[in-house]
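Everything on this sheet refers to the single structure shown next.
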Amino acid sequence: MLVCASPPPLPALTGLRDDKLTLLSSSPGLGGTPGETVRHCSAPEDPIFRFSSLHSYPFPGTIKSRDMSWKRHHLIPETFGVKRRRKRGPVESDPLRGEPGSARAAVSELMQLFPRGLFEDALPPIVLRSQVYSLVPDRTVADRQLKELQEQGEIRIVQLGFDLDAHGIIFTEDYRTRVLKACDGRPYAGAVQKFLASVLPACGDLSFQQDQMTQTFGFRDSEITHLVNAGVLTVRDAGSWWLAVPGAGRFIKYFVKGRQAVLGMVRKAKYRELLLSELLGRRAPVVVRLGLTYHVHDLIGAQLVDCISTTSGTLLRLPET
Amino acid sequence: MLGFLSARQTGLEDPLRLRRAESTRRVLGLELNKDRDVERIHGGGINTLDIEPVEGRYMLSGGSDGVIVLYDLENSSRQSYYTCKAVCSIGRDHPDVHRYSVETVQWYPHDTGMFTSSSFDKTLKVWDTNTLQTADVFNFEETVYSHHMSPVSTKHCLVAVGTRGPKVQLCDLKSGSCSHILQGHRQEILAVSWSPRYDYILATASADSRVKLWDVRRASGCLITLDQHNGKKSQAVESANTAHNGKVNGLCFTSDGLHLLTVGTDNRMRLWNSSNGENTLVNYGKVCNNSKKGLKFTVSCGCSSEFVFVPYGSTIAVYTVYSGEQITMLKGHYKTVDCCVFQSNFQIFSYHQWSRWFFIFSENICTNYLMHFFK
């Protein structure tokens, strides 16, 4: 039975031993003191990983250990109130990037993967919510942190049209600059600037309603039509609109095709499973324009593939259902 | 554990704490029980199970052949290997048996003298357990997907019925007729559930992706339509609020009635605050749901952190309710699981599946010893 405990510190982020997997590491059977992390996986020695920007253990959030009952047996002493307190070492965390293991840091990391040159800088870097899940192990915590960032106004969450569940995350600043650049000199520039100035900071939601736009923010129907033409709003229902990114159509097209292509690579493999290192080492098919790592993060976070830890590294397998 | 016992004995701790810690430990140790079995009577799949709330001893099951069977779960023989016997059944030869598949059965919440069953043959039948005759029959225009009677109410005897039509009907057992119709949904109602905390609060889930909370005493519309994005509330917008991105299949209140769990065909399960309708954003990951009808899942009660048991393909996935963590998958069935039910006294958790097998999951260690303790 192989159990992977928390990963060693990622060199790109600060040197914190994160104890997210406290339950596993506190078991006496694994050896080591509770403060140390014990690693059994061999993935970091793989030469492929030295070249990828996400070094060593890129997907801490989703590894399943072979024997699920370990988790249950370790929850049992907790219910009886027997807990081991462990001392946290001195923590240096970069306030801009957030603590490593938080959603903020994950979003920053993932933004590096977005291919800006592909869209000639006209599109702000978009990261998907499912990619954040692949880096942050606890989904509820990730959701809550993203919601906090949304409320503070640092990021905007946007509904990507192809799947009601897929939400894109964009930094508000990037969004603002790109939208202004895109509508420069066009007839709807005035409406768009008014929208960016008044509505964006005030309302952090994904969608906007008719009465909100007309009464609270004072938009006329013609101005709303301008916004839809500019690509800033997309129709959701009669009288309600989603926030949208102008020019995102190309991105969505590449994304959907790329996702199908990467899933197809796993599907065509023998037994419908592939080692992560092997998948990342293969040449990306032409359809995959956004990069293999970008798509793999999304597939793992969206649970379209099961992530299993083995002695040779992480294995991606298509689920049976 | 011994520390807990001595603390309880000396009065240092609340007796409830020991019970809750022990319940949680037993739920965490759930495994397929090889010693207990249930007699097989049904010829087809089983759609619904219900264990009576009074003693936790009798279980009703409704099958897709229209047959309803009553089992006695108590093990009065001293042997460890035991098959739960069927006490009686309403088989195909009974004059009042349902013509098509039985979708929901429920015991009368206050005693075992009566139970209700609803079926695809557009009827809701009320049965007397001792004579096994129908005491009353309610006929509807459309097939009935689900019904529920309030488990706590003493002021009313309303049974909420969800049918293929978009209207929720409330049938009064005292007067024998349909007393209310709740309008608001646009497609078939797949699940209904009364709140275990308040007498008059009802939750309904529909194939139009909406979940509505109703106060049945109010004449005008529903109280809240749940919105998964937690957007700003305004009257004009209620039509755009969706709880899920697909059909909403299953509803379950937590045992204290403060939260509501919903499951949808978008493979998501969501936890809602039942007083203000807010999505608590607890993320359970992908909860596979391919069911075209309702999915019946259940929540534990009496544990220190509650667990939800959801049929997931041919296994049962166990999650903690408030943190969304997946604890385990209970494996044992060969085909898809349709429903499951939790019994809190012995933590014997029975579920069944499409091809007529019952499987009981319970704690495997020293069950005899622990049963004596709780008695």
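Proteins come first, then strands; the chains are lettered A, B, ... in the order of their sequence lines, and each starts at number 1.
Under a 3.5 Å cut-off, the side chain of A:Arg144 and the backbone N or O of B:Val282 do not form any donor-acceptor pair.
At a threshold of 4.5 Å between non-hydrogen side-chain atoms, the residues A:Thr140 and B:Tyr284 do not count as touching. Considering only heavy atoms from C-beta on, B:Glu325 stays 4.5 Å or farther from A:Asp138 through its side chain.
Heavy-atom distances place the side chain of B:Arg268, and not its backbone, under 4.5 Å from chain A.
Note: B:His229 and A:Trp242 have perpendicular aromatic rings, judged against thresholds of 30 and 60 degrees for the angle between ring planes.
Ranking A:Ile157, A:Val141, A:Asp143 against chain B, the residue ahead of the rest is A:Asp143, based on heavy-atom pairs under 4.5 Å. Note on B:Gly3, B:Gly285, B:Gly246, B:Gly324: by heavy-atom pairs under 4.5 Å with chain A, the leading option is B:Gly285.
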For this session: Applying side-chain contact (heavy atoms from CB on, under 4.5 Å), run through B:Gln326 and A:Arg139 and close with a yes or a no.
Result: CA-CA 11 Å; B:Gln326 186 183 54; A:Arg139 283 160 181 256; over 6 Å; no
